[in-house]
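To start, the structure under review is shown below, and the notes come after it.
Just so you know, residue 1 is the first one in the sequence shown, and it goes up from there. Every value quoted in this text rests on a predicted model; they were computed, and no experiment measured them.
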Amino acid sequence: MARRLLPVELDFVDTAPLRLVFAREVSASPDAVYRALAEDVVGWPQWFSAVTLARPMDGGARREVRLKGGTRFLETIIAAEPGEVYAYRVDETNVPGLRAMVEEWRVEGTPSGGTRVRWTFAVDAPAGVRAGMKVGRAGMGRAFRGAVEALDRRLAAARA
């Protein structure tokens, strides 16, 4: 059964009761990373192993995402600034207990010509659900690192 979440906006990333932030540097340029995040939505399963399906909807204004294990999300894009930020709000999910959720991907150039990728996972949920997510932080961090490293390899192969 789909659960409807609150229609929060980008400022929720700063005000959410739970914020998990992960960062990693890659060799690809900010523009290349941004394009992979925002413009090649269907390519996400190629580099983010938890994602089994990602498809744009409504001309790219929304997305459908499915994860291993059967988790589903219907999302609305709330920020899309090329070379800088890509963020989406979860509108519907089959995950119990969530009230609101936003994921923000920020990309910033590094002196070496690469990119610092920062992923913020912002959630409002009852205290027990938030506690469980905090416990799962290490696993999310590993998933993020693996995904960003796989993305960097994919982008390097495309440049070669």
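- Note that CE of M101 is 10.5 Å distant from CG of L18, once rounded to the nearest 0.5 Å.
- Hydrophobic clustering, with ILVMFWY side chains joined whenever heavy atoms are under 4.5 angstrom apart, groups W119 together with L67.
- Between W47 and W44, the two ring planes are tilted [angle within 30° to 60°].
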Could you please spell out the steps behind the salt bridge (charged side-chain N to carboxylate O under 4.0 Å, His left out) verdict for E104 and R118? CA-CA 8 Å; E104 177 193 67; R118 187 180 74 209; 3.8 Å; yes
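- Note: L5 CG to L98 CG = 5.5 Å, rounded to the nearest 0.5 Å.
- Across all non-hydrogen atoms, the minimal contact from R63 to Y86 is CD-OH, 3.1 Å.
- Looking at V123 and P17, their side chains never come closer than 4.5 Å, going by heavy atoms from C-beta outward.
- A continuous path of hydrophobic side-chain contacts links V51 to F144 [ILVMFWY only; heavy atoms under 4.5 Å].
- R3 places a side-chain N or O within 3.5 Å of a backbone atom of N94 that can act as its donor or acceptor partner.
- With hydrophobic clusters built from ILVMFWY side chains whose heavy atoms lie under 4.5 angstrom apart, L37 does not share a cluster with L10.
- Note that NZ of K134 and CG of L20 are 8.5 Å apart. Values are rounded to the nearest 0.5 Å.
- What you find for A100 and L6 is that their closest heavy atoms are CB-CB, 4.1 Å.
- The backbone N or O of V8 sits less than 3.5 Å from a side-chain atom of R89, completing a donor-acceptor pair.
- V33 and V85 are assigned to two separate hydrophobic clusters, defined by single-linkage of ILVMFWY side chains at heavy-atom distances under 4.5 Å.
- Within the model, atoms CG of L74 and CZ of R66 stand 8.5 Å from one another, a figure rounded to the nearest 0.5 Å.
- When side chains are defined from C-beta on, R19 counts as touching T120, because their heavy atoms get closer than 4.5 Å.
- Atom CD1 in I78 sits 10.5 Å away from atom OH in Y88 (nearest 0.5 Å).
- The two atoms that bring P45 and V41 nearest to each other are CD-O, 4.3 Å, heavy atoms only.
- The heavy-atom pair separating V102 from V13 by the smallest distance is CG1-CG2, 3.5 Å.
- Contact between T115 and P30 at its shortest, heavy atoms only, is OG1-N, 2.8 Å.
- In this structure, the side chain of R154 does not engage the main chain of A150 through any donor-acceptor pair within 3.5 Å.
- D152 contributes a side-chain N or O that, together with a main-chain N or O of A28, makes up a donor-acceptor pair within less than 3.5 Å.
- Note that R137 lies in the cation-pi zone of F22, set by a 6.0 Å cut-off to the ring centre and a 45° limit from the axis.
- Closest heavy-atom contact between I77 and R62: CG1-N, 4.3 Å.
- The closest side-chain donor-acceptor pair between W105 and Y34, if any, does not fall under 3.5 angstrom.
- With rounding to the nearest 0.5 angstrom, the OG atom of S27 is 8.0 Å from the CG atom of L155.
- Ion pair E108/R106 not flagged as a salt bridge, since none of the NZ, NE, NH1 or NH2 atoms sits closer than 4.0 Å to an Asp/Glu carboxylate oxygen.
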E92 and R4: CA distance, side-chain angles, deciding distance, salt bridge (charged side-chain N to carboxylate O under 4.0 Å, His left out) verdict: CA-CA 5 Å; E92 291 182 22; R4 193 101 181 114; 3.3 Å; yes
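- Between the side chain of T93 and the backbone N or O of R72 there is at least one donor-acceptor pair closer than 3.5 Å.
- Looking only at distances, a side-chain donor or acceptor of R99 sits under 3.5 Å from a matching main-chain atom of A125.
- Note: the hydrophobic cluster containing F73 also contains M140 (ILVMFWY, side chain heavy atoms under 4.5 Å, direct or indirect links).
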